[in-house]
Amino acid sequence: MALDIFKNFKEHSIAEFFRKNKQMLGFSGKIRSLTTIVHEYVTNSLDACEEAQILPEIDVQILEEGEFYKVIVKDNGPGIPRKHLGKALGQMLAGTKFHRYIQQRGQQGIGAAGCTLFAQLTTGKPIFVISNYENQTIKCNISIDVRTNRPIISNEIIEENKDGSHGLYIEGIFGDVKYDKSSQSPYEYIKRTALSNPHLTISILEPSGQRTTFSRSTDRIPPKPQEVLPHPLGLTIADLFEMAHNQKEHSTLKAFLLNSFQRISAQKVEEIQKLTNGTVSGIRFVDLLKDPAQLTWEEAEALIKAFSNIKWIAPSSDCLRPIGAQRIQSSLANILSPDFIVVSERPSKIYKGGIPFLVEAALAWGGKAGRLLQNSEVTYDVIRYANSAPLLFDSYACAISQAVKEIDWKRYQIKDIEHSPLTIFVNFVSVHVPYISTGKQAISPEEEIYQEIKYALMDCARKLQSYISGVNREKEIQSRKNVILRYVSQVSHDLAELSDIAKAEEIEKKLKEHVESKYLTKLLAE
Ligand SMILES: Nc1ncnc2c1ncn2[C@@H]1O[C@H](COP(=O)(O)OP(=O)(O)OP(=O)(O)O)[C@@H](O)[C@H]1O
Ligand SMILES: [Mg+2]
């Protein structure tokens with residue numbers, strides 16, 4: 001009887017898995033699903049432009065078509081060559097980023113194909129693409145064969161790209177989505193993208209016909225992201241085992257170690273050799289001249305133990321590309337016109353032993369900072385980013401939101417944060433963002449990450465505190481001065497009558513000057 005269970009034993013493809021679990025890709029709820037589509041396409045455009053060192057221009061159009069919505073995203077990036085076009089947009093876990101340690105917005109190889117799958121599941125229609133890549137213009141429809149996770153390309157037309165323009169145009173028709181202008185809408189997403197990418201010009205056409213363009217405030221393209229090799233301290237036994245078995249270039253473990261990781265020099269290889277020569281307790285013998293493909297699990301374990309006994313230089317952080325304090329400052333000033341902005345600049349750190357990251361934090365106070373509630377009151381707002389891509393959902397699980405909640409804001413003169421005109425900006429920058437799910441909307445609260453976000457925010461809060469105390473002091477002195485000035489006129493008349501030495505107007509003028517200078521001195525002194 002029990003054996004009947006196995007009559008239905010079957011294999012499934014990754015695409016089939018996501019067909020059943022599309023919420024894991026961010027497709028849950030009609031509004032969120034639409035924002036997810038825009039997020040996936042816009043992050044891809046920005047990544048492609050950044051790698052190709054092109055000043056990005058992106059146009060997003062959202063059109064209502066009966067019960068469906070058409071989404072068009074057009075960029076001026078490099079486009080995608082014909083050879084990779086199908087897989088890039090019609091196959092899960094395929095792309096140029098997953099296998100590299102490089103700071104980009106995308107990292108899993110499922111975002112764009114996930115959108116193709118979602119279009120297919122909700123309207124039965126493929127996506128339509130035009131790729132202008134070098135001297136070719138490729139136009140085609142793409143869908144996914146869900147059973148095999150392979151792209152299906154149809155109606156393909158290939159033309160000569162005569163005018164030399166470059167870029168990708170994607171058009172998809174989606175069901176089970178809805179447009180609105182809430183704080184989690186595509187509009188907000190694009191506004192926040194503009195805020196963290198001052199070199200970007202991006203426009204959105206809303207279903208109402210309204211078009212908004214956020215123009216770039218600088219022509220400086222951020223430096224090209226740099227790929228880095230993994231650091232020995234960031235590796236697990238399984239990582240090392242897999243890497244050794246999958247590499248083809250090196251015939252000895254020694255050469256593999258020297259060339260596949262950062263900070264492993266000839267001198268470090270000698271140290272590894274000494275620690276794995278079979279005489280050190282708890283670490284077994286490893287022959288560094290053996291073929292990496294023959295590395296056993298136990299030997300990989302011994303190497304990882306040896307790594308943890310060596311003093312390493314921290315991982316290189318040259319690969320990190322923060323937005324920069326100056327640019328954050330001008331973006332926030334541009335969009336929120338606050339009374340006060342503070343941005344923290346802190347050095348890079350590492351998490352999980354070997355992955356470099358840094359946190360950029362800023363606080364904006366007053367002006368249009370904070371979020372307007374329906375009852376016209378203002379509350380604080382947290383704007384979260386990972387590698388400059390806005391995170392609008394799953395805030396409850398995100399290291400940034402948790403750090404914000406954990407800070408005792410009252411200690412920094414922010415007496416009632418719920419009613420404060422305060423925008424809290426945090427950008428997490430790394431070659432690998434530990435998202436809590438494939439939906440890529442929340443950063444996992446790893447201890448090192450969470451602490452660093454907290455410290456960066458506390459740095460900013462201290463400076464905001466002195467600003468707020470200054471403003472409060474000024475207000476207090478002003479009100480004391482006003483109380484005195486209220487009596488000056490009456491006192492001047494009384495004095496004029498009593499003493500007969502001068503006219504009331506003269507006394508009043510002198511008294512006013514006296515009060516002004518006394519309080520000005522006081523203000524400067526405090
Ligand atoms: N607009 C674009 N211009 C150039 N290449 C693109 C563009 N969009 C996608 N690609 C290519 O297609 C690949 C697949 O994109 P996809 O969004 O599925 O994955 P990803 O961006 O690598 O990772 P993630 O799943 O985290 O978004 C990318 O790695 C990139 O090489
Ligand atoms: Mg992507």
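Indexing begins at 1, ligand by ligand and atom by atom, following the structure's order. Just so it is clear, the model here is predicted, and its values are computed rather than measured.
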> Can an N, O or S atom be found in Thr43 less than 2.8 Å away from the Mg ion (ligand 2)?
Replying inline: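 Under 2.8 Å: Thr43 has no N, O or S contact with the Mg ion (ligand 2).
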
Atoms of ligand 1 close to [X] [distance to a heavy atom under 4.0 angstrom, numbered from 1]:
{"X": "Gly79", "answer": "4 (C)"}
{"X": "Gly95", "answer": "13 (C), 29 (O)"}
{"X": "Glu40", "answer": "27 (O)"}
{"X": "Gly106", "answer": "21 (O), 23 (O), 24 (P), 26 (O), 27 (O)"}

Quick one: does [X]'s side chain get under 4.5 Å of [Y]'s, heavy atoms only?
{"X": "Ile436", "Y": "Ser444", "value": "yes"}
{"X": "Tyr41", "Y": "Asp75", "value": "no"}
{"X": "Leu392", "Y": "Tyr189", "value": "yes"}
{"X": "Thr36", "Y": "Glu40", "value": "yes"}
{"X": "Asn334", "Y": "Ser217", "value": "yes"}
{"X": "Met243", "Y": "Phe256", "value": "yes"}
{"X": "Phe27", "Y": "Ile37", "value": "yes"}

>> If I compare all heavy atoms of Tyr351 with all of His432, which pair ends up nearest, and what's the gap?
In response: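 So the minimum-distance heavy-atom pair works out to OH-O, 2.6 Å.
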
> Do you know which two heavy atoms are closest between Pro338 and Ala333, and how far apart they sit?
Replying inline: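 For Pro338 and Ala333, the tightest heavy-atom pair comes out as CD-CA, 3.9 Å.
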
>> When you measure from the heavy atoms of Gly114 to every atom of ligand 1, does any distance fall below 4.0 Å?
In response: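 The answer is no: ligand 1 sits nowhere under 4.0 Å from a heavy atom of Gly114.
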
> For ligand 1, is there an atom lying under 4.0 Å from some heavy atom of Ala94?
Replying inline: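 It does; at least one heavy atom falls under 4.0 Å.
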
> Can you tell me how far CG of Leu46 sits from OG of Ser196, rounded to the nearest 0.5 angstrom?
Replying inline: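 Separation between the atoms: 8.0 Å.
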
> Between the candidates Asp47, Ile110, Ile80, Asn44, which shows the shortest non-hydrogen contact distance to atom 6 (C) of ligand 1?
Replying inline: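 Looking at heavy atoms only, the winner is Ile80.
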
Quick test: of every protein heavy atom, which one is nearest to [atom], and how far off is it to 0.1 Å?
{"atom": "atom 19 (O) of ligand 1", "result": "Gly109 CA, 3.1 Å"}
{"atom": "atom 30 (C) of ligand 1", "result": "Thr96 OG1, 3.5 Å"}
{"atom": "atom 27 (O) of ligand 1", "result": "Lys440 NZ, 2.8 Å"}
{"atom": "atom 18 (O) of ligand 1", "result": "Ala112 N, 3.0 Å"}
{"atom": "atom 3 (N) of ligand 1", "result": "Ala48 CB, 3.4 Å"}
{"atom": "atom 21 (O) of ligand 1", "result": "Lys97 NZ, 2.7 Å"}
{"atom": "atom 12 (O) of ligand 1", "result": "Ala88 CB, 3.2 Å"}
{"atom": "atom 2 (C) of ligand 1", "result": "Leu168 CD2, 3.6 Å"}

>> Cation-pi check for Tyr187 against Lys181: NZ or CZ below 6.0 Å from the six-membered ring centre and within 45 degrees of the axis, yes or no?
In response: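 Lys181 over Tyr187 ring: yes.
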
>> Test your reading of the structure: does Gly111 have an N or O sitting under 3.5 Å from an N or O of ligand 1?
In response: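 Checking ligand 1 against Gly111, an N or O pair does fall under 3.5 Å apart.
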
> Is there a nitrogen or oxygen of Gln108 sitting under 3.5 Å from a nitrogen or oxygen of ligand 1?
Replying inline: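 Yes; at least one N/O pair falls below 3.5 Å.
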
> Given Glu50, which of Arg321, Arg105, Lys224, Gln103 fulfils the side-chain hydrogen bond (donor to acceptor under 3.5 Å, both in side chains) condition?
Replying inline: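 Result for side-chain hydrogen bond (donor to acceptor under 3.5 Å, both in side chains) with Glu50: Arg105.
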
> Looking only at heavy atoms, is any part of Thr43 under 4.0 Å from ligand 1, and if so is it the side chain, the backbone, or both, or is it neither?
Replying inline: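 No part of Thr43 is near ligand 1 at this cut-off.
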
